[in-house]
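Just so you know, these numbers come straight off a predicted model, no measurement behind them.
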Amino acid sequence: MMGAAALDLSPGAGVVLDEEEWLVERQEPHLGRVHLVRADGERQRVSFRFLVNHPRCRPSSRTGADGANRGRQPASWSDVKPEKRPLMEQRFAHLMEVNCGFRSGDPFRPEPGEPHPEYDPDRTTLTERRAAKATELSALRPEEAKLLLGVARVGVRTLERWERRRRKYGIVGCADHRWLRASGGHPSVSEEVREAIFAVRAETQHHRSRVSARTRELMIRRYVRETFENEDEDGHEREKEDEDGHEREKIEVPSYHTLLRVWKEWFGPGGARQKYERSAELPTKNGHVLVTRPGQVVALDTTILPVMVRENVFGDPVTVHLTLALDVYTHSICAFRLTLVSDSSVDVAMVLRDVMLPLPMREEWGEDMEWPYPGLPAAMVSEFAGYEVAGLPFFTPETVTSDHGSVYRNHHLVDVQEAMGCRILPARVLRPQDKSAVERVFGSIRSLVFEKLAGYTGVDVSDRGADPEGDAVLTLAEMEHFIATWVVKVWQNRRLGEFAPSWDPGGDHSPNTLFAASFAREGFDLDIPAPETYYRFLPEHHVKRIHRRGVKVKGLWYDAALLHQPDMNSARGGRYKQHWVIHREPRDRRVVYFQDPDTHEWHELRWTGLPPEGEMPAFGDARVEELLTRVREAGLKPRSDSELVPKLLEMLGAVDPVAKWPSQLTKSQRTQHAREITQAQAAAADRPQQPPKPNKPPRLAALGAPGAEPPWRERAREATESLDAHRRRRRETAKPAQQPSVPAPLGSSRRGRNLFVIADDDDGSDEPGPQPTEET
């Protein structure tokens with residue numbers, strides 16, 4: 001019965017049935033059914049009981065009895081303007097006094113003198129109370145009544161109308177319908193003008209460049225004139241006749257201000273740039289992602305560190321890049337890397353590897369920075385990791401999102417992410433909002449940390465100080481240690497504010513507390529990857545066969561005794577059938593890595609140009625490409641990689657005097673040397689040769705400490721020693737050939753090539769043929 005009272009089934013009324021609107025054509029009360037018709041002409045006959053009990057049946061607001069709310073949402077208390085709310089509250093108080101004798105509507109909170117005798121519900125009827133209220137309000141002057149109630153006169157009929165609306169809509173029913181008048185649209189905007197507005201919108205948004213509102217008005221008028229022929233070529237108005245012979249009405253185009261107001265109401269203020277407007281229309285592949293747990297989405301991004309630091313080799317002020325991995329759910333900075341000049345795919349791959357590994361404790365860190373999460377003791381985590389673990393979450397990411405930079409979208413990093421088992425979700429083109437979380441973190445770190453350090457460069461060049469290079473104090477290692485300490489000690493315990501979770505938007509949460517809450521709700525997967533994961537994250541090279549000289553990778557030959565075992569045949573299938581996989585370390589090209597197919601152990605393959613003993617300065621991919629380019633330009637064709645060593649050491653600066661080496665190199669050359677040394681140190685730290693140990697915090701005066709040898713001098717000494725050793729080996733190899741010898745007897749060359757001739761017993765040489773005597 002309640003449904004029947006709320007549902008209007010009179011002829012002409014509208015009914016929404018299964019999200020489709022029907023009109024009541026006629027009723028058959030004696031049969032208990034009604035005939036419905038749809039806009040396309042389809043009809044159906046249903047019973048009253050079917051409509052009343054249908055869960056998806058409701059009256060249409062377009063044909064409802066309430067004309068004020070027809071075609072729009074019901075009004076609420078917040079829709080009333082603040083200056084009109086006291087009038088509405090006064091009307092409500094008078095109605096409450098008529099109903100129960102108390103203006104507040106609550107008998108337990110009476111005002112002084114309430115209830116008044118004429119409004120006492122125990123002594124008077126409702127009709128008497130309404131008449132008394134009408135008499136009381138009619139005693140007011142029209143100006144006073146309009147000031148207090150919004151109307152000049154209030155009678156019994158007015159009180160009854162207010163009461164009906166109050167019972168139906170609450171206190172909002174006491175408001176004047178003129179206060180909540182519908183916007184009414186824009187009657188001056190006809191169908192033709194509407195078509196012109198949308199046509200101009202499509203033209204200016206997707207095709208043309210950005211234009212002003214005056215230009216859009218001109219385009220709208222031109223579209224109306226040319227499409228509907230409202231004016232002739234001379235601009236004079238002309239009347240056209242329609243199909244019935246009647247004169248067509250003139251099409252009036254609204255004024256500029258009306259068109260501007262309509263444009264803003266329909267399409268917004270339009271402050272976005274054209275490229276963003278076009279990119280917003282691009283279809284999304286994966287739709288909206290709802291992040292509900294740690295590790296579900298990890299955002300990667302790289303930015304220039306806004307602080308000048310000093311590199312660890314020459315001490316020159318340089319600009320470094322900061323690569324950040326952020327867990328979107330907890331806003332935890334899971335891993336970061338500082339790289340000189342620019343980052344590469346290997347650096348980003350190692351950042352992803354750091355996300356999966358627990359962070360080791362360092363000597364300066366106290367107990368407050370250890371593993372703090374409840375449910376999993378720190379001793380157990382340390383036992384699995386092999387070292388004391390700091391209070392930073394670690395997990396295997398499920399989805400990695402980044403921009404479309406080449407370092408994130410190359411084949412190597414895609415292979416790394418597939419090896420991790422995560423999904424790649426790149427941000428939409430020209431939509432940085434898809435990774436706004438990591439952008440906000442960069443801004444937060446800038447304001448919280450970087451602005452307070454010496455050597456801060458500002459947001460852009462205009463905000464830069466007089467000499468930020470000269471103000472640089474921290475070295476690259478010191479900056480890395482400082483950021484790591486700040487992340488674990490400050491950022492992970494900082495209140496998130498507006499980034500609070502949806503299940504507790506008003507609570508105080510930090511990245512650590514959010515991770516602990518998720519820990520308690522869903523558990524934690526203690527999955528620490530093996531140290532051999534490092535090798536799988538290196539770029540792969542597929543070699544078809546193993547030569548006598550070894551394997552060739554990116555222009556250099558690498559060899560080891562392991563490669564020359566008998567019956568070395570690859571059993572791999574698929575695309576690279578019967579190929580061997582070699583992993584290259586782009587930061588240190590002295591060795592490559594090969595996995596034994598039988599034992600699955602990883603082995604180093606040394607460059608054939610390396611000396612058999614001693615070490616050689618590290619060099620990366622950029623140095624190898626420069627070396628091969630110089631050799632190719634010089635027209636040299638070395639028979640072995642060992643003949644490339646002098647050219648390589650010359651490029652490394654070993655031919656210059658050690659004492660004058662820094663002064664004879666340009667700043668770009670010094671930066672290149674510093675980058676090679678830094679990359680080699682990072683590669684050595686990433687190798688799983690030994691269990692990771694916490695590094696000692698760098699000292700602020702490491703470069704200028706008395707008695708400490710500068711890193712560049714050590715690198716120059718290694719290069720010089722390697723070059724001397726190479727020259728000494730070449731002299732020792734060429735020395736026997738330089739000794740004078742007597743002419744060989746006739747036929748000795750043929751005798752030496754004869755395989756059937758037995759060597760003399762007293763000949764101590766391993767090779768056939770005559771040997772020089774002492775008399776000679």
Side-chain angles (χ1 to χ4, degrees), residues 8 10-16 20-24 37-40 59-76 78-84 88 150-151 161 165 169 172-173 175-205 211-232 235-271:
D8 184 12
S10 60
V15 176
V16 179
E20 293 185 0
E21 188 171 357
W22 300 77
L23 291 179
V24 178
V37 60
R38 203 164 55 183
D40 57 357
S60 175
S61 62
R62 299 183 182 276
T63 60
D66 189 3
N69 288 333
R70 184 173 299 167
R72 60 172 179 159
Q73 295 177 334
S76 61
S78 59
D79 294 328
V80 183
K81 295 182 179 180
E83 60 271 16
K84 299 294 184 181
M88 180 180 63
V151 291
R161 186 174 65 253
R165 293 180 57 85
Y169 301 108
V172 184
D176 198 324
H177 69 278
R178 291 172 293 184
W179 302 346
L180 304 173
R181 182 181 301 169
S183 61
H186 299 277
S188 60
V189 179
S190 60
E191 290 296 329
E192 294 81 5
V193 176
R194 183 179 183 275
E195 179 182 342
I197 292 175
F198 278 93
V200 173
R201 164 70 173 177
E203 179 71 15
T204 56
Q205 180 185 12
V211 295
S212 62
R214 288 289 184 182
T215 304
R216 292 198 299 264
E217 179 205 8
L218 180 62
M219 295 175 65
I220 293 173
R221 295 183 180 276
R222 181 181 175 185
Y223 184 90
V224 172
R225 184 190 63 183
E226 296 182 0
T227 304
F228 304 104
E229 298 182 352
N230 194 37
E231 297 179 358
D232 57 14
H236 301 288
E237 299 178 358
R238 68 180 181 185
E239 302 294 339
K240 302 285 275 186
E241 294 183 355
D242 55 15
E243 298 177 355
D244 299 334
H246 301 289
E247 291 184 355
R248 181 178 298 174
E249 296 182 359
K250 175 184 175 183
I251 301 177
E252 294 288 346
V253 180
S255 64
Y256 163 77
H257 297 284
T258 302
L259 292 176
L260 180 61
R261 185 165 57 252
V262 169
W263 191 281
K264 291 183 178 181
E265 290 179 2
W266 291 0
F267 311 117

Arg38 atom CZ, neighbour heavy-atom count above 12 within 6.0 Å =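 Atom CZ in Arg38 is crowded, with more than 12 foreign heavy atoms closer than 6.0 Å.
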In Å and rounded to the nearest 0.5 Å, what is the [atom1] to [atom2] distance from [X] to [Y]?
| X | Y | atom1 | atom2 | answer |
| --- | --- | --- | --- | --- |
| Thr258 | Glu217 | OG1 | CD | 10.0 Å |
| Trp263 | Ile220 | CH2 | CD1 | 6.0 Å |
| Glu192 | Glu252 | CD | CD | 11.5 Å |
| Arg201 | Met219 | CZ | CE | 12.5 Å |
| Leu259 | Ser188 | CG | OG | 7.5 Å |
| Lys81 | Trp179 | NZ | CH2 | 11.5 Å |

Please lay out, stage by stage, how Lys264 and Leu260 fare under the test side chain to side chain contact (heavy atoms under 4.5 Å, CB included).
-> CA-CA 6 Å; Lys264 291 183 178 181; Leu260 180 61; 4.0 Å; yes
Residue pair Val200 / Arg216: nearest heavy atoms and the distance that separates them =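 Between these two residues, the closest heavy atoms are CG1-O, 4.2 Å.
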Intermediate values then yes/no, side chain to side chain contact (heavy atoms under 4.5 Å, CB included), Val172 and Leu180 = CA-CA 10 Å; Val172 184; Leu180 304 173; 3.9 Å; yes
Heavy-atom side-chain proximity of Pro254 to Val262 below 4.5 angstrom |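 A side-chain contact is absent here, since even the closest heavy-atom pair is not under 4.5 Å.
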Partner of His186 under side-chain hydrogen bond (donor to acceptor under 3.5 Å, both in side chains), chosen from Glu265, Arg194, Arg261 =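 Among the candidates, only Glu265 passes.
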Mind running side chain to side chain contact (heavy atoms under 4.5 Å, CB included) on Tyr223 and Phe198 for me, showing each step along the way?
-> CA-CA 11 Å; Tyr223 184 90; Phe198 278 93; over 6 Å; no
